[in-house]
Amino acid sequence: MSQLPAEEGLELQALLKELLRSISDRISGAPSTECAEEILLHLEETDKNFHNYEFVKYLRQYVESSLATVVEAETKNLTRREQQEQHAIGSGHDAVIHVVTRRTRESAEYQEMMQTLKNTMITVVEALISKFEENQLKKEERHKEKQQSVSQYTDNCSDSDSSFNQSYAFIRQEQLQVLAEKLDSSRPKEVRWEALQALCCAPPSDVLSCESWSSLRRSLCAALSDPDLSDNVLQYFAKSFSSSPLNVTREIYTSLAKCVESGFLTHKLSFPTDSVGIDINRPEISRLLKQIRLMNDFQKEVTTFWIRHPEKYMEEVIESTFSLLCFHNECGSASPGTEKNLEPVHLLALLDVKATWFKKWMHGYYSRTVVLRLLERKYKSLIVAALQQCIHYSDSCEHFTNETTDPQSVEEQNTGSVQRSVYSRKELEYAFFVHSLCVLGKLFIYANGRKLFPIKVRNRKDPVSLTKLVVILINVIYQHPKPHGDTSHTDSLSPSSLVMEMLWMLCERTECAAECLYQTPVLEKLLSPVIALLNGQQVKLKSPGATLTLIADVLARIANSDRGLSLFLYEKNLVLAQSERTFAADVVAQFTLRLLSNDLSSLSESDVSRTLCGAFIFVCRQIYNTFEGLQVLRPYGLHEALAAAWKKTSSFSERVPTPVPGATAAVSITELQNMLIWEETLLDSLLNFAATPKGLLLLQQTGAINECVSYMFCRFTKKLQVSRCEKFGYGVMVTQVAATAPGVVALRSSGFVRALVVELWSTLECGKEDIRVVRPKTTPMDPIDRSCLKSFLSLVNLLSSSQSVWELLGQQPLANKSEYTLREMPTSIPDLIDRLIAVNSDAKINSLFHYEQSHTFGLRLLSVLCCNLDSFLLLESQYSICSMLLQSQKENVTELDSNEGEFIIDSVSVERNHVLVRVGVVGGPSERRLPPRALQEGEHPYPWPMFSSYPLPQCYTLDPPKIQHTSQDSEIGTFLESSMDTQSVDGWMQICQRLYCKSLTSRPGSLTGNVLADLLEKVVAHLSSSASECFFSPALYKAEEKSVSSVVLSSVEQLGINTCLRYGSYLKILKHEAVHGLMLLIKHVKIFLSTQRVKTSSELITQQDGYPGHDWLASTVFLIMAGDVDRSLRLLVNLSSLLTSAFVWPARIHASVHVPVEVAESGIHPVYWCTAHYVEMLLKAELPLVHSAFRMSGFTPSQMCLHWLTQCFWNYLDWTEICNYVCTCVVMGPDYQVYMCVAIFKHLQPDILQHTQSQELQVFLKEEPIQGFNLSNYLDFMEGLEHRYRNLILTDMQCCSQDHLN
C-alpha cells in the first residue's frame, strides 16, 4: 500500500478539518507550539469525545484493514506454541497482547502502513495550509477594499476584540525570516503592510521565539511612526499581550514605551493654550493616544500575573513606564521661559484620570516594593511633577476666586461630555491634577511612600511636607466646595469630592492619619474659617455653608480617633481672640452654640442651614461621647442648648395642622420632612450623651431621656448603626441606660423591655416559625441554648443594677394564675419571673412547651440576679424565692409520700441547689464554696448534698479567716496608741498614710480587729474635726430612745440584717444577741439620714421611701467594730461630713440635700456618674484591652463597679480585703475607690479576655468571686494612678456637693 487513492485523500482533508475545528479552542489557548503539540498527543486522555471523531474512526478502520491479517497470524502462532510449551510465554491475556503488539510493530506491513500514512498526511496538511493561506489573502483583499481611513479614536482600537482570539496558523522559521526582511523600513509600504498582515495571523509565541525577533522588533517599532502601519502593529502587540507570558510581553512593552517616547521627541507637541485646545483627532496625537492606551491596558492587567515571574521582568515594565512619564525632564519644557510641551503623562491622565494603573501597582506588596524603590532612587521627579501640579491647581483656585468664571466647570464639562475630541488647556491641566492627586493619595497610605516627603519643588523656598500638602489640598476645598446633596454624575470628579475622598482614606488609617492629618497646621487650616466667623470677620469662601459642612465632616473623622481627639482636647494651638490661644474643642463648641442660636452675623441665613448645624453638632458628638471629651465640653452646657432646640422644634411640629384636601398647607411637605429630620438629629445628638455615665446624668437633667430612648429603640429594632463613625451598635448604650432608675423606666416606656421579653419567649418556647421543619430540633445540651444566649445576656444587662430591678419589680406582685393558655405570652419582667422562675404550680408547668429548658433558663437568670444582694433582698421580700425553691426541692424526690425519698438529680434540681447555696451562704472566694452545675462521670454524678430546709450543709462553707481582735505588735498600732490627740501632731495624716501603706505591703494581716477599728475611728475623727477636710457641714445627731424604737424597718432591711448576722457569725465577730445591736444601728442611721434628704416629686420607686436596699456600709462598719453600736454610730456620723462618705456610703448620699436638687431627684448615684465614669476613662487609657472587651460584649465596666461598690464587695472579696477597701478609701482619699476598681480589672484582665471570646463576660463577672486579689499587691499601681489622675478625679468628686458645684 504505497499511496492512498485521491478521493480518500480529499475525504481525509475534510475529516482532519472537522477535527481541528472541534478542538480549536484548546489549540488557540495554548501559549506555544510545544504546548499545542502536547495537547494533541494527550487528546485521548483529556477529551471524552475522542473516539467519536470521524477522523479517529477512519484511522482505526485504516489500521484494522492494514494489519488485521498480521495480527491474526501472530495470535494463532502464539496460541499453538503455548499449547506445546506451557511455560514458554507465561500465563495471562495481557502477556499475549503485549507480545502480539510488539511483533506486529516489527512487521514489514506495519512499516509500510506508517510510511504511507505519513506521506498521505503530509500531503493533506500541506493542502489544508495552502487553502487556508488562499482564503486568508482573499479576506485581506476584501478587507482592504472596504477599509477606510480612521475617523474616530475608538475605531480599530489596539485593544479591541478584533485583536484577540485570532485563528492560529503555524509558521516556519524560514517564513518568519522572510517576513522580517519584508518589514524592513527600506521596503515599500505595500510590502510591509502585507508582511504585517501575515505576521498578525502567526502565533505570537513562534514570532517572539524566532531568531529574527530582534530585527522584527526594530522594524515593528519603526512601523509605529507610519500612520498607515501603526494600527496593524498595535493590533499585533495587543494580540501578543493577550496570549504571551511576561518574559515575552515585557520586551514588547518596553519597545512600545520607547516608541512613544521617540514619538514625543519627534513631534514636540505643544501644550494647549488658553485660546487653542488640543485635538486628539490629529494624526500624530491620535497615534500616540492609541499607543498609550494599549500601554495603560497592559499596566492594569499585568498585575494579575507578574507575581508568577521573576522580579526583574516586573522591574523592567515598571522602570520603562516611569522613564516614559519622567520624559519632561529631558526636554526642559518646565522652564519658566520656554513654551510648555505636551507630555506622555498628560495623555495618560486623559485615558486613566484616576490613575487606576498606579493603584493596582501599589496594591500588592510584591510590586509596591519595586515601585517605591524606583521612585526613591531614580524617578523622584515623577512625584515632584505630581506635587507641582497639585500646588499649581491650588494656586490657580486662589487666582480665580474673585473671577466670575468658575474653574470647576472645567471638570464638569470634561466628565459630562461624550465623544469629545478637543480639550482645552484647563481641562488637560485638571485631568493631570486628578491623576496626580490619586498618585499622591496612594503614596500617603504606605510608610515607605510617606518617606519620600518632604519634597523640594520649584518656586517654594521650603520643601513640601506631608502636612503642608494636606493644607494645600484643604485650600482646594475652600475654593471649590460641592453643594450638599448634589448627586450629579460629575460629583465624583469634582475637586472637593476628590480631596475629601483622599482625606477620608487618610482618616481610616491610624499611622497615616497621625503623620498627615493629626497635626496642628492641618487643624489650624480647617478651623481658620470657623475662628474668623467667631471673631465677626468675613471669610473668603466661595460657598460658606457647603464649605463649612465639608470641614465639619473632616473634623468629625479626626475627633473619632484617640490621637485626633487628643489634638482637640490637649493642644492649645489656636488663636481665637486677642492673641489668646485656646483648644480646638473650645472653638468647635463655641461655634456650634452660635449656630444653634443663629448668632453669626458674618454668615447669611441661607448659609446657616440645619445641615451645617447638624454637621458641627456631630463633631461635638465625637468629643462628648468620650470620657475625656465630656470633661472639656461640659462647661458649655451643650446638652441644654440641644434640648432647648429640640423642644422648640418639637413644639413647632406639633402645632402644624393636619392637611385638609383642597386647603392651602401652612407648611410644605418638604419643609415638614426637613423639620422631622432636624428633630431626629437633635434627639440622636442628645442620646449620645448616654455613651458615658456622666453624660447619662446630663441627658436625664434635660428632661428628654424618654424621647431619646424611644428614638434609640426605634433604631435598635431596625438594627441600624449608631453613626457612620461607630463600630458597634446600640448594645453598649442600652446597657449604660439600663444601669440607672430613670434610664430603665425610659426603656420600659419605649417598649424595649416588652420587646425583649416577647423575643425571648418566642425563641425559648415557640421557636422560629419561618424555618421549615425538616427534622426534629435537637435537645439542647447547654443550660442556656445558643439560640437564647443573646436574649439571656440582654436580660442580664437590663437587670444588672439593683436600681433597675427595683423599678421593674418593685411593688409588682406575680400573677400566679390558676390557668395559663398556650397562647398567653409574658410581656414584662414580673410576667417572666412568674412563668420561668416561680414555677410552683401544675398550671405553670403545663403552660410550658419545654418545661425543663425554660425553667432552667429562669433559674440561671435568677442566679445572676441574686448576685446583687439588694436585688435578691427585693425578690425574697416580695416573692419568697427561697421558700419556693426549697419547696420545689422537697417535691423533687423519688418517693414523695415518704420522708426517705432521694432527690432526683436533673438540670432543674442542680440549678436550684446552686441558687439556694448562693443566696444562703455569704462570703468571698476563700469563705464559701459554690456547687458546680456540671455533673461528673462515675457512680456519683453529683456528690454535692441537696437540701430542702435550712440550715445548709456545712460543706458549702470554708474555714473562716483568723481575725486578731486584740492589739498586735505593729508599727501602725503603736502609732495609733501613742497619738491620743491627733490635732497636736503636725502632719499626723501623712504619717498615718505612710504607715498604713507600709503595713499593707509588709504585714497585710496586721490590719484586722481592734487595730483596724482604731485606725478607722481615729482617722475619721481627725478628718471630721478639721475644717479643711470637712467637706459637708458637720452633723449633730442625738436621737431619743422613743423615736428610735418607733422606727419600722422594712422587710428588705430585716432580710439584710439577717444576712449580715450570718456573715458575722461565720467570721466569729458577732454573737447571737448582736441582732438587736445591728437593728438599733440601722434604725439610728435611718433617722439620721432621713433628716438630710430632699422632698422629691419624682415618680421613681427608688425615690419614694428612703434608700432602696440595705445599708451595706453600715453593716460593714458594725462588723469592723465587732458589734459595738456606739462606736459604729459615732464613726458613721463623723464619716458623713467627709467627701469619702458620698462614694463609699451610697445610702448617705441618696436624695441628699448636700447635692444639687436636679441630681438628687435624678435617681442616679455619684458612684455611677462619677466613680464608674472615671473607672471607664482610666480603663480606656490604662487597660485598653479590657475596655475593648467590654465594648465587644455589650456590657459596661460602670455596671460592674456600681454592683461591687453598692454592696461593699460582699460575696466578691474576702473579709480582710473588704476591710482594706473601706480603710483605703478613708485613709488615702475617696479617689482610691476609682483606683481600686481599675486594679481589680487589671487583676481580672486574662479572665475578662477569655470570657469575652466565649460570650459570657457578664455572667462571669456577676457570678464568680474575685479570686486571688490582694490590695497590697496593687498598691504601687494605685499610687501611680493617683499621681497621674488625682487632680482631675478628686476635683470632679468635689463637684458633687451643692456648695462646691461650679
Side-chain angles (χ1 to χ4, degrees), residues 159 253 257 260 288-289 291-304 306 314 317-328 342-365 367-372 374-376 379-394 410-411 414-415 423 427-446 448-450 452-453 455 466 469-470 472-473 476 490-506 509 512 516:
D159 64 342
Y253 181 85
V260 172
L288 289 172
L289 202 60
Q291 295 170 10
I292 293 177
R293 179 178 176 182
L294 180 58
M295 291 181 64
N296 182 242
D297 287 340
F298 179 77
Q299 291 164 359
K300 291 185 284 190
E301 294 296 328
V302 71
T303 55
T304 60
W306 63 11
M314 176 184 66
V317 173
I318 295 174
E319 188 164 9
S320 61
T321 304
F322 288 170
S323 177
L324 174 64
L325 297 181
C326 290
F327 170 76
H328 61 277
L342 191 68
E343 301 164 4
V345 70
H346 295 135
L347 297 185
L348 180 61
L350 279 179
L351 294 170
D352 189 4
V353 67
K354 285 198 170 184
T356 306
W357 67 275
F358 190 76
K359 293 178 182 178
K360 290 190 173 186
W361 285 13
M362 292 289 287
H363 181 70
Y365 177 81
S367 55
R368 181 170 64 246
T369 307
V370 177
V371 169
L372 293 176
L374 290 174
L375 287 176
E376 180 183 8
Y379 301 103
K380 199 170 184 177
S381 58
L382 181 62
I383 307 303
V384 174
L387 181 59
Q388 189 74 53
Q389 180 63 20
C390 290
I391 296 173
H392 171 71
Y393 184 79
S394 177
V410 169
E411 73 274 2
N414 183 10
T415 57
Y423 292 88
E427 290 172 336
L428 203 56
E429 286 185 343
Y430 184 75
F432 185 27
F433 160 71
V434 175
H435 188 273
S436 302
L437 182 64
C438 293
V439 169
L440 294 175
K442 208 63 182 175
L443 287 177
F444 277 16
I445 297 177
Y446 305 103
N448 289 331
R450 296 192 295 272
L452 298 173
F453 291 82
I455 295 176
L466 292 168
L469 178 56
V470 172
I472 291 171
L473 296 177
V476 174
T490 62
D491 184 58
S492 61
L493 285 180
S494 68
S496 59
S497 297
L498 292 167
V499 175
M500 288 296 292
E501 183 180 344
M502 179 178 172
L503 294 178
W504 292 339
M505 179 181 64
L506 297 181
R509 292 162 174 82
C512 184
C516 304

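Every heavy atom of this structure was used, including side-chain atoms; hydrogens, water molecules and symmetry mates were not. Because the structure is a prediction, the values reported are computed rather than measured.
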*Asks:* Under 4.5 Å between any side-chain heavy atoms of L473 and L437, yes or no?
*Replies:* yes

*Asks:* Could you state the interatomic distance from OH (Y430) to OG (S494), rounded to the nearest 0.5 Å?
*Replies:* 6.0 Å

*Asks:* Could you walk me through whether W361 and V370 pass the side chain to side chain contact (heavy atoms under 4.5 Å, CB included) check?
*Replies:* CA-CA 9 Å; W361 285 13; V370 177; over 6 Å; no

*Asks:* Taking C-beta and beyond as the side chain, do V470 and M502 meet within less than 4.5 Å on heavy atoms?
*Replies:* no

*Asks:* Could you note down all residue pairs passing side-chain hydrogen bond (donor to acceptor under 3.5 Å, both in side chains) where residues 431-446 supplies at least one of them, sequence neighbours left out?
*Replies:* W357-H435

*Asks:* Tell me, do Y379 and E319 make a side-chain contact under 4.5 Å, heavy atoms counted?
*Replies:* yes

*Asks:* Answer yes or no: is there a side-chain heavy-atom contact under 4.5 Å between L443 and L375?
*Replies:* yes

*Asks:* Evaluate side chain to side chain contact (heavy atoms under 4.5 Å, CB included) for I318 paired with W306, printing each intermediate quantity in order.
*Replies:* CA-CA 11 Å; I318 295 174; W306 63 11; 4.1 Å; yes

*Asks:* Does the side chain of T303 reach to within under 4.5 Å of the side chain of H363, using non-hydrogen atoms?
*Replies:* no

*Asks:* Atom CH2 of W504 and atom CZ of R509: how far apart are they, to the nearest 0.5 Å?
*Replies:* 14.0 Å

*Asks:* Could you name each residue pair satisfying salt bridge (charged side-chain N to carboxylate O under 4.0 Å, His left out) that touches residues 381-391, not counting sequence neighbours?
*Replies:* none

*Asks:* How would you list, by chain and number, every residue that makes a ring pair (Phe, Tyr, Trp, His ring centres under 6.0 Å) with Y253, sequence neighbours excluded?
*Replies:* F298

*Asks:* For residues 493-504, which residue pairs qualify under salt bridge (charged side-chain N to carboxylate O under 4.0 Å, His left out), counting only residues two or more places apart or in two chains?
*Replies:* K354-E501

*Asks:* Say you draw a straight line from CD of Q291 to CE of M295; how long is it, rounded to the nearest 0.5 Å?
*Replies:* 9.0 Å

*Asks:* Which residues satisfy the side chain to side chain donor-acceptor pair (under 3.5 Å) test with Q388, sequence neighbours excluded?
*Replies:* none

*Asks:* Taking atom NZ of K380 and atom SG of C326, what is their separation to the nearest 0.5 Å?
*Replies:* 12.5 Å

*Asks:* Any idea which heavy atoms bring L350 and A431 closest together, and the distance?
*Replies:* CD2-CB, 4.3 Å

*Asks:* For the CG atom of L372 and the OG atom of S367, what is their distance to the nearest 0.5 Å?
*Replies:* 9.0 Å

*Asks:* Answer yes or no: is there a side-chain heavy-atom contact under 4.5 Å between T369 and N448?
*Replies:* no

*Asks:* A side-chain contact here means heavy atoms from C-beta on lying under 4.5 Å apart; do L348 and Q299 qualify?
*Replies:* yes

*Asks:* Let me confirm one number: the NE2-CG distance from H346 to L325, rounded to the nearest 0.5 Å.
*Replies:* 11.0 Å

*Asks:* For T356, check side chain to side chain donor-acceptor pair (under 3.5 Å) against everything at least two apart and list the hits.
*Replies:* D352

*Asks:* Say whether, by atom type as modelled, one donor and one acceptor occur between the side chain of S394 and the main chain of C390 under 3.5 angstrom.
*Replies:* no

*Asks:* Side-chain contact, heavy-atom cut-off 4.5 Å: T304 with K360?
*Replies:* no

*Asks:* Do you know the tightest heavy-atom contact between C516 and L506?
*Replies:* CB-CD1, 4.1 Å

*Asks:* Using the rule given for side chain to side chain contact (heavy atoms under 4.5 Å, CB included), can you reason through F453 versus L440, listing the C-alpha separation, both sets of side-chain angles and the distance that settles it, and then say yes or no?
*Replies:* CA-CA 11 Å; F453 291 82; L440 294 175; 4.1 Å; yes

